[in-house]
Asker: 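First the structure, which I've put down as structure tokens, then a few questions once you've had a look.
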There are 2 protein chains.
Amino acid sequence: MGTTQLETVPEPKYWHLKTVLSEALDSEFAVGEILPNERELAARFGVARATLRQALEQLELEGRLQRRRGVGTTVAPPRVGVAVADPGPAWPGADGTADTWQPVDGGEAIPPAAVAELLNVAPDRPVHVVRRTRMSRSQPLAAELLYVPAESLPGLSSIDAPTGAARARVILRELQRLELESRDQAVELGSARADDARELDRLPGAPVLVVTTRYRAQGRTAAVAVATYRADTCRLTFGDTGGGVRLLAG
Amino acid sequence: MGTTQLETVPEPKYWHLKTVLSEALDSEFAVGEILPNERELAARFGVARATLRQALEQLELEGRLQRRRGVGTTVAPPRVGVAVADPGPAWPGADGTADTWQPVDGGEAIPPAAVAELLNVAPDRPVHVVRRTRMSRSQPLAAELLYVPAESLPGLSSIDAPTGAARARVILRELQRLELESRDQAVELGSARADDARELDRLPGAPVLVVTTRYRAQGRTAAVAVATYRADTCRLTFGDTGGGVRLLAG
DNA sequence: AAGTGGTCTAGACCACGCA
DNA sequence: GCGTGGTCTAGACCACTTT
């Protein structure tokens, strides 16, 4: 990585810097390798540290870099493809063997206004909540909150309900007794809340992809899941819509 | 639920600022209203302009604000839901009446390496390319590049092919003569390239949701589309997987 | 204790939209 | 021409991890 001089170009310095760095990453660095620290990089390119940081920020947003306070900046591996809607509609926790979700906690809480509206319950009514984490290669990919109104789980008595992760499993088990009719999802960009950030090993405000899933059963919305995926490391895949839907179309 | 341990958490100024502003947006501002300018806001909150900007940046990322150079900062309307996989697999341009995509340009070009690999063609082979824009309420939502290898369009002679948008329409029409077998998609975070940024009425580097769609026909990948959606204004929806897939599952 | 990235400041100038 | 947001600087200190 040489000291490529920055010419006076119409494009912003940080943009040009990002291009130069990006090419250097392709040709001169291996995945996992540690870059020189920010102060040295800034000096080497003859820019202020803030400007250098603006370039690094973009590269991190694109999943090319990974920065960790107290450690350094490393070259990130390619994003992992994460199946979000494959292979068919299923209740959370129903995948059996290959389930990568781990229930963390369970309880009751008042859902966010947006979720209450989707569930069609009063905005101040507490509902069952399950917290889960999705791992891959012992690295956290996503943190999820699943909201289930009491009406959806008639078999769940509040007497025999344990607490913590055990309770989460009970709620998930009860859910699977319902016949799932359909499921729809939405993806949008967000920034990690403090609790999600801790779970995802990121700083608060880190960019995340928020996947909202609506589960429908018995003619109404039976549950809503809000999953936040690390935007830097994840590529969300929406599985092959072949076979099944072709029956519909044909 | 939850262990609300109150650690010694020195919350960054910009984070607190973001919370305060967010609440103010909810209670004191209407959609479309113009906020005071950055210098005044910074003075009002007693912080440097850079710090204030860090808070505004996050709020813009979350779709709460819209900032435009030379104009000002306005309160953004709620994100629009954009159907990306609904209702079933179809070639681009096949929606008939309600098609919101507008072909912009057509021609030939060498695809990016990642696309060439998906298409299973040599990385230096030019392919047909269609540029389209997706509009909603006369505002651009997405810019797309559709890559189609010549082998996928045996009926397209290079003699009678026009140029520009007309050519784009010819390519799309030819595509629809193939029987589409399946389609899969992936969503990831990216930053707008200069050309996409211009099309989307944003600055280069603006956060976008990149949707990569792989169209399969005749047992192979017949086309690949890379669509970049404005992350600030779009919520991507993946339609109801009910009916059709239930046939598979049941 | 040393070194890293994260936050913050107080300025300056530039690019753009609009009257 | 004026006011807006966008870029850039040269510092300082803080939070965190590792040694």
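Computed from a prediction, not measured in an experiment: that's the story for all the values here. The analysis underlying the following values was restricted to heavy atoms, covering all of them including side chains, and did not include hydrogens, waters or symmetry mates. Letters A, B, ... are given to chains in the order of the sequence lines, protein chains preceding strands, and every chain is numbered from 1.
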Asker: Mind calculating the distance between CD1 (A:Ile34) and P (C:dG3) to the nearest angstrom?
Answerer: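 After rounding, the gap between these two atoms is 15 Å.
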Asker: Considering heavy-atom distances to DNA chain D, does A:Leu52 or A:Arg68 have its closest nucleotide positioned more toward the 5' end?
Answerer: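 Nearest nucleotide further toward 5': that of A:Leu52.
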Asker: Which nucleotide wins on minimum distance to the side chain of A:Arg53, given the candidates D:dT7, C:dT7, D:dT4?
Answerer: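 So the side chain of A:Arg53 is nearest to C:dT7.
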Asker: Checking contacts here: which listed nucleotide (D:dC8, C:dG5, C:dC8) is nearest the side-chain heavy atoms of A:Thr51?
Answerer: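 Closest nucleotide to the A:Thr51 side chain: D:dC8.
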Asker: Salt-bridged, B:Arg134 to B:Glu144, with N to O below 4.0 Å?
Answerer: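 No salt bridge links B:Arg134 with B:Glu144.
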Asker: So what does A:Leu56 touch, heavy atoms closer than 4.0 Å: a base, only the sugar-phosphate, or nothing?
Answerer: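 A:Leu56: no heavy atom of the nucleic acid under 4.0 Å.
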Asker: From C-beta outward on B:Ala48, which listed nucleotide comes closest to its side chain: C:dT4, D:dG5, C:dA10?
Answerer: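 Nearest to the side chain of B:Ala48 among the choices is C:dA10.
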Asker: Between CG of A:Leu141 and CG of A:Leu209, what distance do you get to the nearest 0.5 Å?
Answerer: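 Answer for the CG-CG pair, A:Leu141 versus A:Leu209, is 11.5 Å.
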Asker: Rounding to an integer number of Å, can you tell me how far A:Tyr14 OH sits from D:dC8 C1'?
Answerer: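 For the pair A:Tyr14 OH and D:dC8 C1', the rounded distance is 12 Å.
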Asker: Within this structure, what is the CZ-to-C1' distance between B:Arg202 and C:dC16, rounded to whole angstrom?
Answerer: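 Roughly 14 Å, once rounded to whole Å.
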Asker: Report the distance from atom CG of B:Leu203 to atom P of C:dC16, rounded to the nearest whole Å.
Answerer: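 Going from CG in B:Leu203 over to P in C:dC16 covers 9 Å.
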Asker: Separation of B:Asn37 atom CG from C:dC18 atom P, in whole Å?
Answerer: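 To the nearest whole Å, that distance equals 17 Å.
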Asker: Taking all heavy atoms of B:His128 and all of B:Ile171, pick out the closest pair and write down the distance.
Answerer: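 Looking at all heavy atoms of both residues, the closest pair is CB-CD1, 3.9 Å.
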Asker: Rounding to an integer number of Å, can you tell me how far A:Asp201 CG sits from D:dC16 P?
Answerer: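 So the CG-P distance, A:Asp201 to D:dC16, works out to 13 Å.
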Asker: Counting side-chain heavy atoms from CB outward, which of C:dT9, D:dG6, C:dG5 is closest to B:Arg39?
Answerer: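 Of the options given, the side chain of B:Arg39 lies nearest D:dG6.
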Asker: Among C:dA15, C:dT9, D:dC8, which nucleotide has an atom closest to any side-chain atom of B:Arg69?
Answerer: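 Between C:dA15, C:dT9, D:dC8, the one nearest the side chain of B:Arg69 would be C:dA15.
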Asker: Starting the side chain at C-beta, find the nucleotide from C:dT7, D:dT9, D:dG5 nearest to B:Gln54.
Answerer: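 Nucleotide nearest to B:Gln54's side chain: C:dT7.
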Asker: Can you see if the side chain of A:Thr73 gets near the phosphate of C:dT4 - specifically, an N or O under 4.0 Å from OP1 or OP2?
Answerer: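 Negative; the distance criterion is not met.
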Asker: Measure CG/B:Leu41 against C1'/D:dG3 and give the value in whole Å, please.
Answerer: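 One finds 15 Å between C1' of D:dG3 and CG of B:Leu41, rounded.
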Asker: Would you indicate which nucleotide in D:dT7, C:dC8, C:dG17 comes nearest to any side-chain atom of B:Arg49?
Answerer: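 Closest of the options to the side chain of B:Arg49: D:dT7.
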Asker: Please verify the inter-ring angle class for A:Trp101 with A:Tyr229; under 30° counts as parallel, over 60° as perpendicular, anything in between as tilted.
Answerer: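 A:Trp101 and A:Tyr229: perpendicular rings.
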Asker: Do the side chain of B:Glu33 and the main chain of B:Ala30 share a donor and acceptor less than 3.5 angstrom apart?
Answerer: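 Yes, the answer is positive, given that a donor and an acceptor are paired below the 3.5 Å cut-off.
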Asker: Measure the distance from CD on A:Glu57 to P on D:dG6 and round it to the nearest whole Å.
Answerer: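 For the pair A:Glu57 CD and D:dG6 P, the rounded distance is 14 Å.
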Asker: Nearest nucleotide by nearest heavy atom, which residue falls closer to the 5' end of DNA chain C, A:Gly70 or A:Ala50?
Answerer: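 In this pair, the answer is A:Gly70.
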